[in-house]
Amino acid sequence: MSKTWKVIRIMLKMQYTSTSKNSYAWLYIVAGLFFIPFLGLIFTLYNNLISAIYNVFAPLQQQSMILGLLFVGISVILFITCIVSVLTAFYFADDVEAYIPFPLHPYQILLGKAASPLIYSYLLSGITYLPMMIIYGNISNGSILYYIYGILLFILLPVIPFVIASVILMFVMRYVNIAKNKDRSKIFAGVFSLAAVILINVIVRLNTDESELMESIGQMMQQQEGLLQWITYFYPPAWFSANSLHQAESITGFLFILLMIILSGLAIILFALLGQKLYLKGVLGMSSGGSGKMSKKKLDKSITSQPIWKSYIKKDLRILLRTPTFLTQCVVQSLFMPVFLLVIFFLDFGSGLTGNITESIPEKNILLILFIVTVFMVSINMTAATAISREGKTWKANLFLPLDQKQVIHCKLIVSYLIGLLPMILLFIIGIIIGLPIKVLMLWGVVFLAINWFSSCIGIILDMNQPKLNWTDEQELFKNRFVPFFGFLMQVVIFGLITIVLWSIDLSNIYLLAVILFAVVLLGIFLAHRYMYKRINHQVFQEINF
């Protein structure tokens with residue numbers, strides 16, 4: 001067992017220890033201070049929502065369904081996110097095969113590789129589960145046992161979804177020949193995790209008969225805790241967890257929490273046993289590839305002389321689109337929000353929910369809503385915030401290319417800008433579908449083009465100040481760094497305050513409003529470019545180290 005703990009510690013130390021000589025701890029402190037008001041706002045929203053639902057269902061003795069929804073929802077989210085993180089950490093990390101020659105059992109390597117995805121799962125469940133658990137306990141006057149069980153369930157919560165996702169992937173990787181389809185498998189996992197939410201939404205909305213649904217809910221409400229059973233029907237661990245909290249003061253609650261501990265322990269044992277049998281068989285042969293052939297026409301085209309800056313942009317785009325992790329995190333994930341909105345509006349288009357939107361909301365407010373939604377979309381795009389870090393150990397090659405430092409950065413800005421245009425296209429389609437005024441969409445489009453460039457500049461600057469080049473797994477650029485989050489927070493706070501000010505003042509001229517927004521963004525671009533050009537020189541490029 002001691003050897004297993006050593007493996008876990010070594011793997012975590014290799015992945016999370018920073019080797020950079022520069023300290024940017026102040027960035028995290030500033031980001032934390034900025035984030036405190038948002039934590040308070042999120043906690044207040046959680047509190048108001050849970051209080052409203054609790055007050056409605058408590059007289060009917062159905063308040064436990066809140067706990068059922070909480071555990072089912074978080075378990076689904078954890079399962080979907082584990083599909084990507086487990087597949088990448090277990091099979092596609094660069095250091096996987098390096099551990100095979102060591103005197104380690106397969107289950108020991110597997111437990112070591114599982115530590116990082118589990119940490120991410122605990123962070124995710126901590127953000128979503130802990131606030132709601134505390135709020136529900138405060139509203140329902142939970143006893144000390146409630147909070148003890150709640151902390152125990154927080155420790156157990158990610159285990160079963162993680163094991164289910166891992167076992168499924170181990171069987172798939174063991175019995176499906178993916179040696180020639182490694183990249184396709186990673187792309188499929190990333191796209192599946194994002195598309196699953198949209199697919200579930202579509203299926204539910206297309207196949208739900210409102211009359212039958214209300215009749216079913218009515219029948220369940222006639223039974224005590226009937227809604228809890230209905231909600232957790234397909235996932236029993238959620239039912240056990242919810243009952244352990246809801247009945248924390250009775251012996252029944254103790255039995256349920258004991259049952260969850262036993263189930264989680266059995267899940268870990270099953271994980272280790274199946275890992276011992278299946279893991280290495282799935283890993284072996286992963287480094288082999290296909291023997292694809294290039295036609296003469298493609299070969300001639302690939303060696304045709306072209307400007308070096310154009311080749312550099314194409315190279316960056318190919319890396320983005322052909323590396324599955326970069327594709328899912330930088331491209332697919334940025335499309336998730338507009339696609340999700342598109343599905344909702346498309347399914348409800350004939351129901352009259354959006355037919356009178358232009359009549360009920362002033363054009364000024366529509367433009368401001370589109371503006372802040374745009375800021376949110378471009379700021380969560382990770383393309384610019386990982387532009388330099390994506391180079392990894394090959395970054396030093398940029399020092400010897402026939403491009404000066406500004407050209408390299410400009411090429412990366414163009415790539416980030418092009419990727420950022422994709423959600424704009426989808427959002428524009430949504431605007432047409434729901435009947436937004438064309439002039440509002442056109443004005444918003446002009447402002448978007450400026451915001452997209454500004455956001456790309458901010459991402460490049462932050463990544464240039466604190467790059468992460470010594471990574472062994474592409475996921476490290478997205479899960480173990482706060483730099484992209486700091487860029488998101490800074491943009492949302494600044495433009496959020498501007499939006500609030502413009503919303504509150506009496507300004508009805510939409511053209512003047514668009515000019516103000518455009519001028520503010522241009523000012524931001526000017527300041528960002530001025531700072532960036534001061535930073536771009538040969539010495540800074542050499543100081544970007546591992």
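Scope of the values below: all heavy atoms of this structure, side chains included, with no hydrogens, waters or symmetry mates.
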At their closest point, which heavy atom of [X] faces which heavy atom of [Y], and how far apart are they?
X	Y	value
Ala384	Ser456	CB-O, 3.4 Å
Gly420	Asn381	CA-ND2, 4.1 Å
Ile372	Gly496	CD1-CA, 3.8 Å
Cys330	Thr383	CB-OG1, 3.4 Å
Pro158	Ser125	CG-OG, 4.0 Å
Tyr147	Ile134	OH-O, 3.9 Å

Tell me whether [X] contacts the main-chain N or O of [Y] through its side chain, where contact means a donor paired with an acceptor under 3.5 Å.
X	Y	answer
Lys364	Leu502	yes
Tyr136	Gly142	no
Ser244	Ser241	yes
Tyr129	Tyr122	no
Ser379	Gln491	no
Ser389	Lys468	yes

Go through the steps to decide whether Trp503 and Ile369 satisfy the test side chain to side chain contact (heavy atoms under 4.5 Å, CB included), and finish with yes or no. CA-CA 10 Å; Trp503 188 290; Ile369 292 172; 3.8 Å; yes
[X] vs [Y] side-chain heavy atoms within contact, under 4.5 Å:
X	Y	value
Phe428	Leu436	no
Leu70	Thr128	no
Leu427	Met377	yes
Phe518	Leu443	no
Trp239	Phe71	no
Cys411	Asp316	no
Leu513	Leu367	yes
Phe162	Leu78	no

Value rounded to 0.5 Å, distance of [atom1] in [X] from [atom2] in [Y]:
X	Y	atom1	atom2	value
Ser51	Ile135	OG	CD1	7.5 Å
Leu517	Ile451	CG	CD1	7.5 Å
Ile409	His529	CD1	NE2	11.5 Å
Arg390	Asp463	CZ	CG	8.0 Å
Asn138	Tyr54	CG	OH	10.5 Å
Ser143	Tyr149	OG	OH	8.0 Å

Let me see the working for Met382 and Phe488 under side chain to side chain contact (heavy atoms under 4.5 Å, CB included), right down to the final yes or no. CA-CA 10 Å; Met382 308 286 277; Phe488 158 77; over 6 Å; no
Less than 6.0 angstrom from the centroid, inside 45 degrees of the normal: does Lys534 satisfy that with respect to the ring of Tyr531?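 Cation-pi check for Lys534 and Tyr531: fails.
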Aromatic ring proximity Phe454/Phe495, centre distance under 6.0 Å: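 Yes, the ring of Phe454 comes within the 6.0 Å limit of the ring of Phe495, centre to centre.
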Tell me, with the steps shown, if Leu421 and Leu449 meet side chain to side chain contact (heavy atoms under 4.5 Å, CB included). CA-CA 8 Å; Leu421 292 178; Leu449 295 175; 3.7 Å; yes
For a ring pair (Phe, Tyr, Trp, His ring centres under 6.0 Å) with His410, tell me which candidate from Tyr312, Tyr533, Trp453 qualifies.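 It is Tyr533; the other options fail the test.
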For the pair Glu391 and Lys412, evaluate side chain to side chain contact (heavy atoms under 4.5 Å, CB included) and give the outcome as yes or no after the intermediate values. CA-CA 11 Å; Glu391 299 275 347; Lys412 292 188 175 295; 2.7 Å; yes
